[in-house]
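The analysis underlying the following values was restricted to heavy atoms, covering all of them including side chains, and did not include hydrogens, waters or symmetry mates. We name chains A, B, ... by the order of the sequence lines, and we start the count at 1 in each one.
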Protein chains: 2
Amino acid sequence: MKVSDKRDNIMRAALELVTEKGFHGAPMSRIAEEAGVAAGTIYCYFESKDTLIDELYHELEEKLLAVLKEGYSTTMSLRERFLHLGTALLKYFITNPACFRYMEQYMLSPFGTALKKNRLLGQTGEESIFKNLFEDGIFLKVLKDLPLFIHFALAFGPLIALARDQTLGLISMDDAQITQATEACWDGIKR
Amino acid sequence: MKVSDKRDNIMRAALELVTEKGFHGAPMSRIAEEAGVAAGTIYCYFESKDTLIDELYHELEEKLLAVLKEGYSTTMSLRERFLHLGTALLKYFITNPACFRYMEQYMLSPFGTALKKNRLLGQTGEESIFKNLFEDGIFLKVLKDLPLFIHFALAFGPLIALARDQTLGLISMDDAQITQATEACWDGIKR
DNA sequence: AATAAATGAGTGAATATTCATTCGCAGATA
DNA sequence: TATCTGCGAATGAATATTCACTCATTTATT
């Protein structure tokens, strides 16, 4: 087994366990077991459980961001840009439920709130691509003249809620419904 | 100290600690300490930590539901009914941040997902009042012809997102913004 | 005095992390 | 080629901590 394989296996095991049982249902011992690795080995790759959790989050976010950018261009109309990002986000979460559940748990934990506070200053991550879209829309008077944070809530809130219900197995959406839901979000933010 | 005071103090302490540090940052020993009570005393009132957590949630939900029903009447127009409920919900969460943060944590934990699954069958709790509203709106062709769960997501998603950001101290909304946000939610669900 | 309520040190299980030891193998040596 | 050597990677038993929960005892109430 190669060095990088071990790191990947640890990541995979952590993702799976945290997703299924939550942060506290994922002890390092079980992560190690699941990864086919000794308990101490994790500490060859990660300083602590906290850094493992952090690094996994940032890796997932990077992948998500890459997917959102696929086929995205600022030359499209604002509505097209929004629909592209919204449906891509929802579809990605639905086809990668573990990713969604991990990111959501992270975001609601002390880790995530700390991250959010930092990002209020210099914007990074997936948020800036949406920020640009909303700012353009407000300037061009296509979107309502509301604070950015309300636009974020109106756009993301429903999509996250749907992703959650779907990954929990409470509902099952098809592509048409995904589009309908994203269009309704647009109705919420558009002027 | 009266018997009921002790129970209330335990509840208050649990709410405060869970709100600030999460379920796992709220060990029974600290809840007892914060409540001014011995560790064993909690077990005079609650069978286990789990039942304490459950009972606290249901108590908070009951209070919230009572507030939402204040001044609510099905004789109002659908839009008025929705704006009443939406703004009342958001205002209540903003003025009771601990309540919001507790309920959100609960809902995302295994406790909450179990509860949600049960409620899919026989509807109870705060959901039924919204369910009636949405069903009326769809029947009267005032709302989009979408599955109920999408309406729930469109209506609650943004409000919850805003309540979260506000209770985390990331934003600060005034009454006008609360109304604007709720009106935008209406735009999302209306035909 | 009799009963009930409250106490808090104690118990055992679980957990994150450490560290003395082992392992595997890339080069060096003969 | 065959053997040795050094070293970082990997190990997993041991450690120290934390936690939910118990129960013999004390305190309050009637």
Side-chain angles (χ1 to χ4, degrees), chain A residues 1-59 101-102 105-106 108-112 114, chain B residues 1-59 101-102 105-106 108-115:
Chain A
M1 196 191 288
K2 293 201 174 181
V3 163
S4 59
D5 282 344
K6 284 206 172 144
R7 215 190 110 99
D8 282 357
N9 281 345
I10 292 166
M11 286 272 197
R12 242 193 301 280
L15 177 61
E16 189 180 323
L17 278 169
V18 170
T19 293
E20 281 171 12
K21 315 246 186 179
F23 282 124
H24 35 289
M28 294 295 259
S29 54
R30 209 166 311 166
I31 292 174
E33 198 182 342
E34 195 87 11
V37 133
T41 307
I42 298 181
Y43 293 87
C44 297
Y45 296 96
F46 303 97
E47 205 179 89
S48 66
K49 189 177 184 180
D50 283 7
T51 64
L52 165 57
I53 288 170
D54 272 333
E55 286 189 33
L56 179 49
Y57 175 82
H58 286 101
E59 229 167 75
R101 289 188 51 72
Y102 186 92
Q105 277 192 63
Y106 181 93
L108 290 179
S109 73
F111 301 110
Chain B
M1 198 190 285
K2 295 203 168 180
V3 163
S4 59
D5 283 344
K6 283 203 174 146
R7 213 189 114 100
D8 281 357
N9 282 343
I10 292 165
M11 285 275 197
R12 242 193 301 279
L15 176 60
E16 189 180 324
L17 278 169
V18 170
T19 292
E20 281 171 13
K21 315 246 188 180
F23 283 122
H24 308 290
M28 295 295 260
S29 54
R30 269 184 64 78
I31 292 175
E33 199 183 340
E34 195 86 14
V37 134
T41 306
I42 297 180
Y43 292 87
C44 297
Y45 297 95
F46 304 97
E47 205 178 273
S48 66
K49 188 177 185 179
D50 283 8
T51 64
L52 166 56
I53 287 170
D54 272 334
E55 287 189 31
L56 179 48
Y57 175 81
H58 285 101
E59 230 167 75
R101 292 195 42 78
Y102 187 92
Q105 278 193 63
Y106 181 94
L108 291 178
S109 74
F111 301 109
T113 61
L115 185 63

Atom pair distance, as rounded to whole Å: CD1 in B:Ile31 and P in C:dA6: 17 Å
Contact under 4.0 Å: B:Lys6 side-chain N or O vs C:dA6 OP1/OP2: yes
Minimum-distance nucleotide (side-chain atoms of A:Ala38 versus D:dG12, C:dT15, C:dT7): D:dG12
Interatomic distance where CG belongs to A:Leu52 and C1' belongs to C:dT17 [whole Å]: 14 Å
Expected output: side-chain B:Thr51 to main-chain B:Glu47 donor-acceptor under 3.5 Å: yes
Bend angle of the helix from C:dA1-D:dT30 to C:dA30-D:dT1, end axes from five pairs each (to 10°): 10°
CZ on B:Arg30 to CD on B:Glu16, rounded to 0.5 Å: 9.0 Å
Proximal nucleotide (of D:dT11, D:dA9, C:dT7) relative to the A:Tyr45 side chain: D:dA9
Side-chain heavy-atom pair B:Asn9, B:Val37 within 4.5 angstrom cut-off: no
Spatial distance of atom CZ (A:Arg12) from atom CG (A:Asp5) [nearest 0.5 Å]: 8.0 Å
Under-4.0 Å salt bridge between A:Glu34 and A:Lys21: no
Separation between CE of B:Met11 and CG of B:Leu52, rounded to the nearest 0.5 Å: 6.5 Å
Atom pair CD/OG1 of B:Gln105 and B:Thr19 - distance to nearest 0.5 Å: 7.0 Å
From CD1 (A:Ile53) to CZ (A:Phe46), nearest 0.5 Å: 11.0 Å
Nearest-angstrom distance from the residue atom CZ of A:Arg7 to C1' of D:dA9: 15 Å
Scan nucleotides 18-23 of chain D against the protein and return all N/O pairs shorter than 3.5 Å with their distances rounded to 0.1 Å.
from   : atom 1 : to      : atom 2 : distance (Å)
D:dA20 : OP1    : B:Lys49 : NZ     : 2.5
D:dA20 : OP2    : B:Met28 : N      : 2.6
D:dC21 : OP2    : B:Tyr43 : OH     : 3.0
D:dC21 : OP2    : B:Lys49 : N      : 2.9

Length of the line joining B:Glu33:CD and C:dT7:P, which is rounded to integer Å: 13 Å
